[in-house]
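In what follows, a single structure is set out as structure tokens and then discussed.
Here the structure is a predicted model, which is why all the values come from computation and not from measurement. Every chain is numbered from 1 and lettered A, B, ... according to where its sequence line falls, protein lines coming before strand lines.
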Amino acid sequence: AQSVTQPDIHITVSEGASLELRCNYSYGATPYLFWYVQSPGQGLQLLLKYFSGDTLVQGIKGFEAEFKRSQSSFNLRKPSVHWSDAAEYFCAVGALWDSGNTPLVFGKGTRLSVIA
Amino acid sequence: GAVVSQHPSWVICKSGTSVKIECRSLDFQATTMFWYRQFPKQSLMLMATSNEGSKATYEQGVEKDKFLINHASLTLSTLTVTSAHPEDSSFYICSARDLRGIGIQYFGAGTRLSVL
């Protein structure tokens, strides 16, 4: 069965420090992978996606993620965190070129807190 | 990216009344939309898959008579919470996949329902 694991429920980092959020997936088909961010009381915003090609993908707000097939991972990184990055982050996986009737499979999320 | 509009963003109602939430895909057609529920500090819980022109598919444990879904057109799906009670208070989010490309899933901004 498809699944996404985000091992860290809550992470706290200092402003200006680097960040890595972990995501591991289990998916039988060729996966495509996403990271979304959710600010309090808001919907989810797409940060970045991977479906083929270069395994290091760049997203909005200075985020990047690296796809490692051998480790079934798609970790999100940012070299220098800003206070405005405090939010909930969700990793998601889907099947490439499916019918469109299937929602992405989401992890449980990682809450990021940023301290001064 | 594509836009999904959700309305209203916040609604307060009395117990026993019904509330309708609208979800529109603004610049793409969505034959399928998804409705989620989210409790505070928790992940998304898929409630149902809304299919244009046919009945919605509900996840196990979701009362179809309580949460009525109508997908009347390729750009509009509605969720009606019937005879709402305080335990229905939650954050509801709709989503749709843009199948013009790889099927990115876009989200509405969410609706906070408070039942008094």
Side-chain angles (χ1 to χ4, degrees), chain A residues 1-11 21 23 29-53 57 59-61 86-113, chain B residues 1-10 21 23 25 28-54 56-57 59 71 74 90-114:
Chain A
Q2 305 94 328
S3 67
V4 176
T5 302
Q6 294 181 243
D8 304 304
I9 297 174
H10 184 202
I11 285 182
L21 302 182
C23 172
T30 301
Y32 65 111
L33 297 146
F34 303 86
W35 276 98
Y36 289 85
V37 60
Q38 184 183 30
S39 298
Q42 299 294 315
L44 277 69
Q45 180 183 22
L46 180 66
L47 278 178
L48 48 78
K49 61 187 182 294
Y50 169 80
F51 63 98
S52 69
V57 293
I60 62 171
K61 304 184 180 185
E88 190 84 19
Y89 291 81
F90 293 95
C91 181
V93 65
L96 199 59
W97 313 123
D98 68 7
S99 66
N101 294 331
T102 307
L104 301 180
V105 176
F106 284 84
K108 294 188 180 300
T110 297
R111 181 156 49 95
L112 173 65
S113 297
Chain B
V3 178
V4 174
S5 174
Q6 186 172 344
H7 179 79
S9 58
W10 189 23
I21 302 170
C23 181
S25 56
F28 66 101
Q29 294 183 334
T31 55
T32 303
M33 291 186 177
F34 309 104
W35 288 94
Y36 295 85
R37 184 172 181 175
Q38 187 178 35
F39 293 100
K41 298 186 178 181
Q42 293 192 26
S43 186
L44 304 170
M45 183 189 78
L46 180 66
M47 298 175 64
T49 299
S50 167
N51 302 298
E52 188 269 334
S54 64
T57 304
E59 296 298 303
H71 197 144
L74 288 172
S90 193
F91 193 59
Y92 294 88
I93 308 176
C94 72
S95 179
R97 291 182 63 190
D98 182 356
L99 299 181
R100 292 174 297 180
I102 62 170
I104 295 173
Q105 191 165 332
Y106 293 98
F107 288 82
T111 297
R112 179 156 306 283
L113 171 62
S114 297

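- Taking CD of B/Q105 as the reference point, atom CG of A/L44 lies at 9.0 Å (rounded to 0.5 Å).
- Closest of all the heavy-atom pairs between B/L44 and A/F90 is N-CE2, 4.5 Å.
- The environment of NE2 in B/H7 is sparse: at most 12 heavy-atom neighbours from other residues, nucleotides or ligands sit within 6.0 Å.
- Per-residue heavy-atom pair counts under 4.5 Å with chain B were compared for A/Q45, A/E88, A/K49, A/R111, and the maximum is reached by A/K49.
- Atom CD1 of B/I104 and atom OH of A/Y36 lie 7.0 Å apart (nearest 0.5 Å).
- Using a 4.5 Å cut-off between heavy atoms, A/L46 contacts chain B through its side chain alone, with no backbone atom that close.
- A 4.5 Å side-chain heavy-atom check between B/F107 and A/Q38 finds every atom pair outside the cut-off.
- Heavy-atom pairs under 4.5 Å with chain B were tallied for A/P40, A/G41, A/G107; the largest tally goes to A/G41.
- Between chain A and the residues B/Q42, B/Q6, B/Q38, B/M33, the largest count of heavy-atom pairs under 4.5 Å involves B/Q38.
- Distance alone, capped at 3.5 Å, places no donor-acceptor pair between the B/T32 side chain and the A/T102 backbone.
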